[in-house]
Protein chains: 2
Amino acid sequence: MPKRRSYDEAPPCAIVATLNLINGRWKGVILYYLTVNGTMRFNELHRHLPGCTPRLLTKQLRELEDDCFITRTVYAVVPPKVEYALTEEGRSIAPILMQMNDWGARWLQRRGLRPQSNEAA
Amino acid sequence: MPKRRSYDEAPPCAIVATLNLINGRWKGVILYYLTVNGTMRFNELHRHLPGCTPRLLTKQLRELEDDCFITRTVYAVVPPKVEYALTEEGRSIAPILMQMNDWGARWLQRRGLRPQSNEAA
DNA sequence: CTGAATCCTTGACGATACTG
DNA sequence: CAGTATCGTCAAGGATTCAG
């Protein structure tokens with residue numbers, strides 16, 4: 001059973017539930033990159049998230065794993081190699097992420113900020 | 001100029017931006033209710049958000065107002081009457097909210113939780 | 001390369017009471 | 001009715017260092 005976090009409380013409101021799952025500083029972007037790029041390694045992901053410490057990245061990844069959004073595959077090699085990929089469940093939110101990306105880009109533009117392109121690595 | 005909050009920092013990533021705007025315990029649901037019900041009063045909104053204190057509701061509403069998602073109309077009557085409604089900008093995220101509602105409902109069902117219906121008041 | 005350990009800051013959010 | 005005021009908690013997230 002996935003470990004629950006603080007904001008998972010009683011009334012099962014669908015919107016609140018959805019937001020709780022992708023809340024967390026980088027979860028949305030992580031899922032987005034995995035959607036676009038497919039399988040990614042830890043540092044590969046890390047390079048795409050300027051300002052995210054490894055500690056926090058690890059935490060967010062673990063939570064996404066607990067919530068069955070991603071899988072974590074460890075290869076027994078030296079140096080270590082760990083790959084992250086979306087599960088079926090993880091792929092199912094892709095439409096929402098894409099819409100958020102589009103909407104957010106337009107929002108940024110309306111405010112005169114050029115959104116950084118979120119393209120494949 | 002809208003007051004910015006802590007998590008608005010440098011790299012203008014569209015997804016991060018979108019998430020930041022609807023982060024906050026109840027913002028998503030507030031916007032959802034306003035989308036479905038149109039104009040709503042403070043206590044009307046409050047009744048739909050069990051567990052949300054007036055203090056927090058006020059805060060979230062002010063932030064949504066600062067971000068130009070909603071308007072706040074005060075009527076000079078006794079007893080006081082304040083109405084909240086979506087702006088054009090606020091209406092533009094409706095598709096995302098609807099998708100989140102649908103996706104979340106399915107997610108809750110997969111976990112054996114019956115989502116509470118988010119219908120009009 | 002992929003983290004874990006440790007320590008710390010801060011701000012989101014809660015509880016309760018009160019008011020024009 | 002629609003908030004404010006005050007006080008408090010707690011966990012998310014940051015900084016830095018170390019390790020298999």
Side-chain angles (χ1 to χ4, degrees), chain A residues 3-11 16 19-30 34 39-67 70-85 121, chain B residues 3-11 13 16 19-30 33-34 39-67 70-85 121:
Chain A
K3 194 151 100 258
R4 310 283 64 228
R5 264 148 288 114
S6 66
Y7 33 66
D8 306 290
E9 83 304 344
V16 173
L19 279 175
N20 284 352
L21 290 168
I22 55 182
N23 258 352
R25 208 74 181 58
W26 308 95
K27 287 190 190 174
V29 227
I30 291 171
L34 289 176
T39 296
M40 290 179 83
R41 300 180 57 177
F42 185 88
N43 269 0
E44 198 179 351
L45 226 21
H46 192 199
R47 258 175 274 121
H48 284 78
L49 304 172
C52 180
T53 60
R55 169 190 155 82
L56 185 50
L57 179 54
T58 300
K59 201 184 162 214
Q60 310 259 299
L61 287 170
R62 291 293 143 82
E63 289 182 1
L64 287 172
E65 200 190 350
D66 288 343
D67 288 330
I70 65 175
T71 57
R72 177 170 176 271
T73 312
V74 183
Y75 295 90
V77 297
V78 177
K81 175 178 173 180
V82 179
E83 286 186 341
Y84 294 92
Chain B
K3 196 155 96 254
R4 309 284 65 227
R5 266 148 287 116
S6 67
Y7 33 65
D8 305 290
E9 83 304 343
C13 166
V16 174
L19 279 174
N20 284 351
L21 291 168
I22 55 182
N23 257 354
R25 209 72 183 59
W26 308 96
K27 287 191 190 174
V29 228
I30 292 171
Y33 280 125
L34 289 177
T39 296
M40 291 179 82
R41 300 178 59 175
F42 186 88
N43 270 358
E44 196 179 351
L45 225 22
H46 193 200
R47 258 175 274 121
H48 283 79
L49 305 172
C52 182
T53 60
R55 168 190 156 81
L56 185 49
L57 179 53
T58 301
K59 200 186 162 213
Q60 310 258 300
L61 287 170
R62 292 292 143 84
E63 289 181 1
L64 287 172
E65 200 189 350
D66 288 343
D67 288 330
I70 65 176
T71 58
R72 177 170 177 270
T73 312
V74 183
Y75 296 90
V77 297
V78 177
K81 175 177 171 181
V82 179
E83 285 186 342
Y84 294 92

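Just so it is clear, the values below take in all heavy atoms, side chains as well, and ignore hydrogens, waters and symmetry mates. Chain identifiers are assigned alphabetically (A, B, ...) following the order of the sequence lines, protein sequences preceding nucleic acid strands; residue numbering begins at 1 within each chain.
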Take B:Tyr84 and B:Ile30, measure what side-chain contact (heavy atoms from CB on, under 4.5 Å) needs, and give me the verdict at the end.
CA-CA 10 Å; B:Tyr84 294 92; B:Ile30 292 171; over 6 Å; no

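- The nearest whole Å value for the distance from the CG atom in B:Leu49 to the C1' atom in C:dG14 is 15 Å.
- The separation between B:Ile22 atom CD1 and C:dA12 atom P is 16 Å, rounded to whole Å.
- For A:Pro79, whose side chain is taken as the heavy atoms from C-beta onward, the closest listed nucleotide among D:dT4, D:dA2, C:dC1 is C:dC1.
- An angle of 60°, rounded to 10°, separates the two end axes of the helix from C:dC1-D:dG20 to C:dG20-D:dC1, each defined over five pairs.
- Listed here is the closest heavy atom pair of B:Leu61 and B:Ile70: O-CD1, 3.4 Å.
- If you measure from atom CD of A:Glu83 to atom C1' of C:dG3, you get 16 Å, rounded to the nearest angstrom.
- Rounded to the nearest 0.5 Å, atoms CZ (A:Arg41) and OG1 (A:Thr73) are 12.0 Å apart.
- In this structure, the CG atom of B:Leu61 is 15 Å from the C1' atom of D:dT4, given to the nearest Å.
- Between the side chain of A:Arg55 and the base of D:dG14 there is at least one donor-acceptor pair of N/O atoms closer than 3.5 Å.
- Between A:Arg72 and B:Pro80, the residue anchored nearer the 5' end of DNA chain C, judged by the nucleotide with its closest heavy atom, is A:Arg72.
- Phosphate proximity of C:dC1 to A:Tyr84: absent, as no side-chain N or O sits under 4.0 Å from OP1 or OP2.
- Considering only heavy atoms from C-beta on, A:Leu49 stays 4.5 Å or farther from A:Leu56 through its side chain.
- In this structure, the CG atom of B:Leu57 is 11 Å from the P atom of C:dG14, given to the nearest Å.
- In this structure, A:Arg47 does not reach the C:dT2 phosphate: none of its side-chain N or O atoms is under 4.0 Å from OP1 or OP2.
- One interatomic measurement links the two molecules: CD of B:Glu65 to P of D:dA2, which rounds to 15 Å at whole-angstrom precision.
- One finds a side-chain N or O of A:Gln60 lying less than 4.0 angstrom from the OP1 or OP2 phosphate oxygen of D:dG13.
- At least one side-chain nitrogen or oxygen of B:Arg62 sits closer than 4.0 Å to the OP1 or OP2 atom of D:dG3.
- Regarding B:Leu56, its CG atom lies at a distance of 11 Å from the P atom of C:dA15, rounded to whole Å.
- Residue B:Lys59 places at least one side-chain N or O closer than 4.0 Å to OP1 or OP2 of C:dA12.
- Rounded to whole angstrom, the span from the CG atom of A:Leu21 across to the P atom of D:dA12 amounts to 14 Å.
- The closest side-chain heavy-atom distance from A:Val74 to A:Arg72 is below 4.5 Å.
- Listed nucleotides C:dC1, C:dA15, D:dC1 differ in distance to A:Asn43; the shortest reach to its side chain belongs to C:dC1.
- You'll find the side chain of B:Leu45 reaches within 4.5 Å of the side chain of B:Tyr33, heavy atoms only.
- Between the CG atom of A:Leu64 and the CG atom of A:Leu21 there is a distance of 9.0 Å, given to the nearest 0.5 Å.
- Put simply, the side chain of A:Pro54 reaches to within 4.5 Å of the side chain of A:His46, judged on heavy atoms.
- Of the candidate nucleotides D:dA2, D:dG14, C:dT2, D:dA2 has the atom lying nearest to any side-chain atom of B:Phe42.
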